[in-house]
Each structure stands twice: as C-alpha cells, then as structure tokens.
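Worksheet: one structure, shown below.
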Number of protein chains: 2
Amino acid sequence: MGPTIKDVAKIAKVSPSTVSRVIAGSNRISKATHQRVRKAMEDLGYYPNANARSLVKNSTETIGLVLSRSVVAALSNPFFPEIFRGITSVTQEYGYSLLLSSSKDYVQEEEEALRMLKERRVDGLLILASRANDSLIETLVKEKHSFVLVGRMPGIEELHWVNNDNVQSAEKAVDYLTELGHKKIAFLGGSPELIVSRDRLIGYKNGLQKAGLDFDFTLVEEVDFTEESGFKSLERLLERHPDLTAVFAIDDLLALGAMKAIKEEGLIVPDDISVVGFNDNPLASYVVPALTTIRIPIYDMGVQAARMLLQKLKGEEVTEYQIVLDSELIIRESSMEPCR
Amino acid sequence: MGPTIKDVAKIAKVSPSTVSRVIAGSNRISKATHQRVRKAMEDLGYYPNANARSLVKNSTETIGLVLSRSVVAALSNPFFPEIFRGITSVTQEYGYSLLLSSSKDYVQEEEEALRMLKERRVDGLLILASRANDSLIETLVKEKHSFVLVGRMPGIEELHWVNNDNVQSAEKAVDYLTELGHKKIAFLGGSPELIVSRDRLIGYKNGLQKAGLDFDFTLVEEVDFTEESGFKSLERLLERHPDLTAVFAIDDLLALGAMKAIKEEGLIVPDDISVVGFNDNPLASYVVPALTTIRIPIYDMGVQAARMLLQKLKGEEVTEYQIVLDSELIIRESSMEPCR
DNA sequence: ATATTTAGATCAAACGTTTGCACAAAATAT
DNA sequence: ATATTTTGTGCAAACGTTTGATCTAAATAT
C-alpha cells in the first residue's frame with residue numbers, strides 16, 4: 001500500500017504525532033520541522049488515510065444524498081443534474097465528499113439513509129423531500145442527526161430546509177390567467193401525498209379566491225407526472241367542461257399531454273384554451289406553441305441546501321434555516337386572453 | 001455514539017472476535033452463539049462501523065465516480081440521470097456505495113480521482129471518458145488501480161471499458177441517408193479531442209465510402225454542442241453548399257439548431273434538407289418535424305460498466321472487458337428521400 | 001544563580017474493527 | 001483407555017490516524 005504517516009515521520013526524522021500536527025496546521029511546530037515534514041510528504045507522495053482519520057475524529061467529512069428510484073425518475077429532467085451541480089459546487093468548496101445511494105422505495109430509502117449515517121458514518125444528510133416521508137424524518141430528528149431537506153415537510157417545526165415558493169408561484173400563474181380574463185381554469189395535479197402537489201393546489205385556490213372565482217373540484221384532476229396522464233385527464237375535463245378556457249398543470253409534461261389532447265379535440269392553444277405548466281422543462285421552449293411555465297431556481301436550491309448543511313456541520317452560524325426561493329413565471333406562446 | 005462490537009459482545013457474553021465472525025458469517029460458530037449474538041445486535045440496534053472495518057480490511061466497498069463540470073453540463077440531458085440510474089442499480093446489488101465528485105477542469109479531475117483512491121480509499125473508479133485525458137489514465141494504469149471507462153480510450157490496449165458503437169451507428173445513419181439517395185451530406189461534429197466526435201466522423205466517412213461518395217472536408221463543421229453552434233454552422237454550410245440535401249449532426253441540439261437555420265433560410269425539413277441527429281434527446285421526439293436520431297443504450301452502459309468494475313473488484317471472473325453496445329436508428333419526420 | 005515559563009517535540013492510548021494463533025472441550029479414531 | 005482430530009471460542013496484534021499528557025531544552029524572570 002501507499003506510504004503512511006510513519007513513513008513520512010521516519011524520513012523527516014520526527015514522530016508521527018509531529019507529522020499529524022503539521023498536516024493539521026498546528027502552530028506549535030517550528031518552521032524548520034514544518035518544512036522538513038512537508039518535503040518528506042511531497043517526496044513520498046503521501047496521502048493521509050481518511051478512514052483512519054475518521055475513526056478517531058469521528059467525522060468523515062462526507063455528506064450523504066439518498067434518492068429514491070422514483071425521485072430520480074421524476075426529477076430526472078432537468079432537476080437532477082442541476083441540483084447535483086449545485087450541491088457538488090459547495091461540497092467541493094468545503095472539501096467534503098458526497099456519498100450517493102438510490103433506493104427502490106420509501107422503506108428502503110429510510111434503511112439506506114440510516115446505513116449511511118451509522119455504518120458509513122456520513123456527517124449529515126441531504127434529503128429530497130418529495131413526499132411526506134414522516135417516518136424517516138421522525139427517526140432523524142429523534143436521533144439528532146444533521147440533515148436538511150430540499151423541499152419542505154409540513155407538520156414538523158424547527159426543520160432545516162430550502163424550498164421554492166410553490167404556493168406563491170402557483171398563485172402567480174393563476175393570477176396571470178385570471179388577469180387575462182380566464183374564469184374557468186382547470187388544475188392538473190399529482191397525488192396529494194406529494195407536497196409540491198399539495199402546495200401548488202393551495203396556490204391555485206388562492207389565485208381563484210383572489211379573483212373572486214369559486215373553487216370547483218370537478219376542475220381538478222389528480223394524476224401522475226406523465227404526458228399520457230396529462231392527455232387523458234384533459235380528455236375527461238373537456239367532456240365535463242367543454243367551456244374550459246385555461247389549464248394549469250403542475251408539471252410541464254402534464255401540460256404537454258394536455259396540449260396534445262386539446263389539439264386532438266380540434267381546439268387551438270392558446271386561442272381556445274391557454275395552457276400553463278410548471279418546472280420549465282427544456283422541452284417547454286421547444287414545443288409549438290412554446291409553453292408558458294414556471295422556472296424553479298433548482299441549482300440555487302442545491303447550493304443553499306448544501307451550504308446550510310455544511311455550515312451546521314462545521315459549527316458555523318446558520319443564518320437562515322428555512323429558505324424559500326422565488327420562482328419565475330416564463331410567459332411564452334401557450335397562453336393569451338380568452339377569445340370565447 | 002452508537003453501540004460498538006464490544007457492547008454487543010458484552011450483552012451476548014462472547015468476545016468481540018466472535019461477534020465479528022458472526023457478522024462475517026463464519027461457519028465455525030455454533031448455532032446457539034450465533035443466535036445470541038444476532039439477538040444482541042438486534043436489541044442494541046448495532047451497525048458496524050465501516051471506517052474501522054475499512055481500515056483493517058483495506059477495502060471500503062465504495063467506488064468513485066468523478067465528473068468534470070463540463071461533462072455534467074454536456075451529459076446533463078439525458079445522459080447523466082440515466083447512467084446514474086444504471087450505475088446505482090448495480091452498486092446496490094453488490095452492496096457497494098458510490099462516492100461522487102465533480103471537478104472544474106481536467107487537471108482537477110485527475111487530482112480528485114487520485115484523492116478518491118488514496119485518501120478516501122475507494123476500491124475502484126468509474127470514469128466518463130469523454131475526452132482523451134491520457135494523463136489520468138496513464139497514472140491509473142501505472143499505479144495499477146482498478147477502473148473502467150464509459151467510452152473508450154484510443155491508444156491504450158488492455159483497458160476495461162464499455163462504449164456504444166459510435167462508428168457503426170454513425171455509419172448506419174449515413175447509410176440510411178445515402179440509401180434514400182442523398183449525395184451531399186454535411187457533418188456537424190465537435191472538437192476532435194472528444195473521442196465520440198472522432199468516432200462519429202469515422203463512421204460518417206465509412207458511410208460515404210461505402211456509397212461510393214467522396215469525402216469533402218468543406219462539408220464538415222467542427223463546433224461545440226449547442227443549438228447556437230448548430231444554427232451558425234448551417235448558415236455557413238448553406239453558403240458554401242446551397243445544394244446540400246442532408247445534414248448529419250453528432251448531437252441533437254446541433255441538429256435542432258441546424259433545422260432552425262434551414263427554416264430561416266426558407267427551406268423545409270425534410271423536403272429540401274433531411275436532418276439526422278444523435279443521442280435521442282427527449283426534445284427530438286417533440287420538435288416539429290420530429291428528429292430522426294440515434295438512441296444510445298445509456299442506462300445499459302452504466303449497468304455494464306459498474307458490473308464490470310465490481311466483478312473485477314470482487315475477484316469474480318470478468319467475462320468481457322471491452323464491451324460495445326449497439327445503438328438504434330430512430331427514424332422520425334426530419335428525413336426523407338431528396339426531392340431536388 | 002536558580003526558578004519559572006515557553007516552545008517544540010515525543011509517548012502512548014484510543015478509535016472499532018478483523019484475523020492468525022492458541023487453546024480447551026468435545027468428538028472420533030485407535 | 002489414550003491419541004488424534006474437529007469444533008468453537010478467546011487473546012492480542014494490527015490497520016493509520018489523532019491528541020492529551022509528558023518530557024526536554026531553551027528562554028525568560030527573579
């Protein structure tokens with residue numbers, strides 16, 4: 001194997017402790033020995049063994065990120081690469097490593113998280129809180145582990161998280177539609193187990209209320225995040241509500257499916273029906289007509305979440321421990337004032 | 001901190017060695033003690049400390065994946081999530097962890113890789129060999145580290161890698177165009193430093209030769225992988241070759257840019273000019289006209305690469321150590337026989 | 001001159017495992 | 001009955017660090 005601290009010590013004619021202190025940057029080392037040791041390390045191509053260090057320091061300088069398979073699938077585009085870029089940019093800045101694991105389902109997600117903490121001994125966890133996985137969070141809180149959520153977890157105070165403003169931005173989207181004059185706006189959402197889904201529904205309701213419109217549950221469809229689902233749910237909606245003039249979908253793929261269904265029905269987007277999506281999938285700007293949607297600062301969310309966690313771990317003062325980042329309404333071609 | 005092996009030993013009234021052997025599944029342990037120990041572990045909620053174990057076993061059961069920032073950007077869509085899914089599915093199967101790091105540039109990439117191996121002591125490395133980063137590979141070979149490439153590295157034999165059939169599939173695309181009757185086919189490629197770029201150019205040339213067409217370097221543009229580049233390079237090409245009837249681009253974004261330029265020139269895809277892309281970006285099927293392209297089995301590449309590495313690490317027999325996976329030509333609407 | 005402080009280094013224990021060797025008891029062979 | 005093998009367990013060293021306690025020599029104070 002590679003050279004150890006003892007080898008360095010021997011070459012530099014000091015004790016291993018001294019080498020260790022040189023590495024740690026202790027100030028009780030004379031300039032002369034400092035240089036001798038550095039030189040020896042250099043000559044030998046010495047790298048300290050992180051495992052040995054972790055063992056005694058009880059800290060691995062590593063954070064864990066557990067992803068459930070479904071999250072990866074759901075987030076793959078464009079979330080995952082972006083949030084990953086954000087996270088790694090700050091782990092790198094702090095000299096930390098990132099340990100990843102992906103799990104099949106929610107019980108396995110919890111197992112993996114605990115194994116990371118207790119077996120691999122990561123110092124903290126970053127959690128993509130897509131769903132209200134109370135069990136995992138409760139365990140983590142009870143055992144006083146350090147972690148921060150990307151997303152939020154209703155019901156538990158005092159959690160560290162960074163989230164986008166789902167409620168407000170959904171509201172913003174609906175405001176935009178009502179201000180254009182739309183009165184009959186459908187909502188294409190996901191399972192209410194998903195927090196984003198819930199929050200965006202709340203924003204939708206707020207927007208309606210603000211415009212003096214009544215909430216009509218027959219205008220709401222709850223499906224999964226596929227184009228297929230969007231297509232079918234819009235077929236159903238048009239049957240129930242032929243006089244629909246706008247659709248707000250909580251994901252762009254859903255919106256795309258909806259647009260397809262609208263076209264197939266012989267109607268025109270945006271002339272007959274306006275469509276607004278969410279997440280600003282790269283597809284949104286390419287599709288014809290280009291999709292009006294909401295862009296989430298996903299890279300920033302990764303950065304802020306990682307930074308918060310590392311500040312906590314380093315004992316630095318965590319200035320804010322619940323951050324919500326603004327999203328942006330991107331107006332493109334799929335929406336206009338109602339013509340009928 | 002959590003319970004250690006000694007705590008378990010005390011409860012089960014055995015020595016730590018015995019507990020260790022129970023965990024390791026040694027067959028020299030009586031059924032009775034085995035159960036007593038298991039019970040004690042259960043009761044205490046014991047997790048073995050991976051750091052301590054790694055220290056003595058000199059193996060972390062972890063593999064590293066280093067990504068340069070530019071690779072993440074280039075691969076973000078749809079490569080990164082897909083390959084990640086592939087890799088994690090097998091690391092999980094083998095009970096290994098995945099350590100990630102992303103680096104700014106190619107020199108940092110090398111540093112990070114070596115730090116992972118020597119400091120964090122990962123057992124092996126997975127490398128996305130987008131570019132001929134000889135220096136890193138040479139070091140790894142010289143120091144006899146275990147690693148496998150996703151992609152290939154020309155010039156060095158005996159490397160372990162899994163790659164898609166860039167040459168053959170590019171050839172396939174060109175065959176398809178020549179069989180339709182195209183005689184003047186432009187090539188939109190990237191920097192020849194990128195191996196994929198080189199290989200696809202070779203395939204292009206092969207295809208031309210097979211059809212009895214001469215290679216004309218004025219039909220070749222070498223640019224970066226952005227839509228903008230595709231747009232501009234096609235403007236240049238159309239000026240040089242107004243009689244162009246087909247374009248083969250080594251990335252879909254390039255192809256999309258090309259299509260835009262063609263439209264802007266008042267020409268129609270595919271009637272006037274056929275366009276074929278590469279990589280099957282999700283955009284390809286949404287754009288109008290839908291883009292003919294080549295789909296790479298990227299998930300499988302992740303699986304195979306990870307499996308190869310883990311087999312190697314586990315001392316299992318590695319059946320194949322250089323795998324090339326077939327790609328598929330997806331014919332959509334952007335290509336047809338030439339009309340002019 | 002001696003007593004005290006300070007600087008710079010070493011010693012040895014500790015972190016939580018694994019594992020070769022030794023050993024006792026039980027099982028089997030002679 | 002004793003000699004040999006087998007089975008199950010424990011002892012203690014090792015893995016490569018860090019760090020509190022300790023020591024020595026030099027510097028400073030009395």
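Since this is a predicted model, take the numbers as computed values, not measurements. Chain A is the first sequence line, chain B the second, and so forth, proteins listed ahead of strands; every chain is numbered from 1.
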Task: Value in whole Å for how far the P atom of D/dC15 lies from CD1 of A/I5 - done: 14 Å

TODO: Output yes when a side-chain donor or acceptor of B/Q304 lies under 3.5 Å from a complementary backbone atom of B/D300, and no otherwise.
DONE: no

Open item on the list: Do B/V14 and B/V37 make a side-chain contact, defined as non-hydrogen atoms from C-beta onward lying under 4.5 Å apart?
Closed with: yes

Open item on the list: Contact list please: residues 10-25 of chain A against DNA chain D, heavy atoms, distance less than 4.0 Å, in numerical order.
Closed with: A/S17, A/S20, A/R21

Open item on the list: Please pick, from D/dT17, D/dT7, C/dG8, the nucleotide with the shortest atom-to-atom distance to any side-chain atom of A/V56.
Closed with: D/dT17

Task: is_close_aromatic(A/F84, B/F84), centroid dist under 6.0 Å - done: no

TODO: With sequence neighbours excluded, give me every side-chain hydrogen bond (donor to acceptor under 3.5 Å, both in side chains) pair touching residues 305-316 of chain B.
DONE: B/E93-B/R307, B/Y94-B/E316

TODO: Apply the test side-chain hydrogen bond (donor to acceptor under 3.5 Å, both in side chains) to residues A/S20 and A/S17: give CA-CA distance (whole Å), side-chain angles for both, the deciding distance (0.1 Å), then the verdict.
DONE: CA-CA 5 Å; A/S20 173; A/S17 339; over 6 Å; no

Task: Separation of atom CZ in A/R28 from atom P in D/dT24, rounded to whole Å - done: 17 Å

TODO: Quickly work out the B/N27 CG to D/dT6 P distance and round it to whole Å.
DONE: 14 Å

Open item on the list: As a quick check of understanding, evaluate side-chain hydrogen bond (donor to acceptor under 3.5 Å, both in side chains) for B/T139 and B/E110, giving each step before the final call.
Closed with: CA-CA 9 Å; B/T139 311; B/E110 180 159 356; 3.1 Å; yes

TODO: Starting at atom CZ of B/R120, determine the distance to atom P of D/dG16, rounded to an integer number of angstrom.
DONE: 17 Å

Open item on the list: If the helix axis at each end comes from five base pairs, how far does the helix from C/dA1-D/dT30 to C/dT30-D/dA1 deviate from straight, to 10°?
Closed with: 50°

- [ ] Provide, to the nearest angstrom, the distance between the NZ atom belonging to B/K6 and the C1' atom belonging to D/dG10.
- [x] 15 Å

N/O donor to acceptor pairs below 3.5 angstrom from side-chain atoms of residues 144-158 of chain A, sequence neighbours left out:
| residue | atom | partner | partner atom | Å |
| --- | --- | --- | --- | --- |
| A/H145 | NE2 | A/E143 | OE1 | 3.0 |
| A/R152 | NE | A/D199 | OD2 | 2.8 |
| A/R152 | NH2 | A/D199 | OD1 | 2.9 |

Open item on the list: Just the rounded figure in Å: distance from C1' of C/dT17 to CD of A/E119.
Closed with: 12 Å

Open item on the list: Base, sugar-phosphate or nothing for A/R53? Non-hydrogen atoms, less than 4.0 Å.
Closed with: sugar-phosphate

TODO: For a side-chain contact (heavy atoms from CB on, under 4.5 Å) with B/T91, tell me which candidate from B/L65, B/L309, B/I63, B/L126 qualifies.
DONE: B/I63

- [ ] Identify which nucleotide among C/dA7, C/dT19, C/dG16 has an atom closest to any side-chain atom of B/K57, counting heavy atoms from C-beta outward.
- [x] C/dT19

TODO: Using heavy atoms and a sub-4.0 Å distance, could you list which residues of residues 29-49 of chain A are near DNA chain D? By number, please.
DONE: A/Y46, A/Y47, A/P48, A/N49

Task: Atom pair CE/CG of A/M41 and A/D7 - distance to nearest 0.5 Å - done: 13.0 Å

TODO: May I have the distance from A/N51 (atom CG) to C/dC15 (atom P), rounded to whole angstrom?
DONE: 18 Å

- [ ] Report the distance from atom CG of B/L55 to atom P of D/dA13, rounded to the nearest whole Å.
- [x] 17 Å

TODO: If the plane angle is over 60° it's perpendicular, under 30° parallel, otherwise tilted; pick one for A/H160 and A/Y321.
DONE: tilted

Open item on the list: Once side-chain hydrogen bond (donor to acceptor under 3.5 Å, both in side chains) is applied, what residue pairs with a partner in residues 42-51 of chain A remain, sequence neighbours excluded?
Closed with: A/K39-A/D43

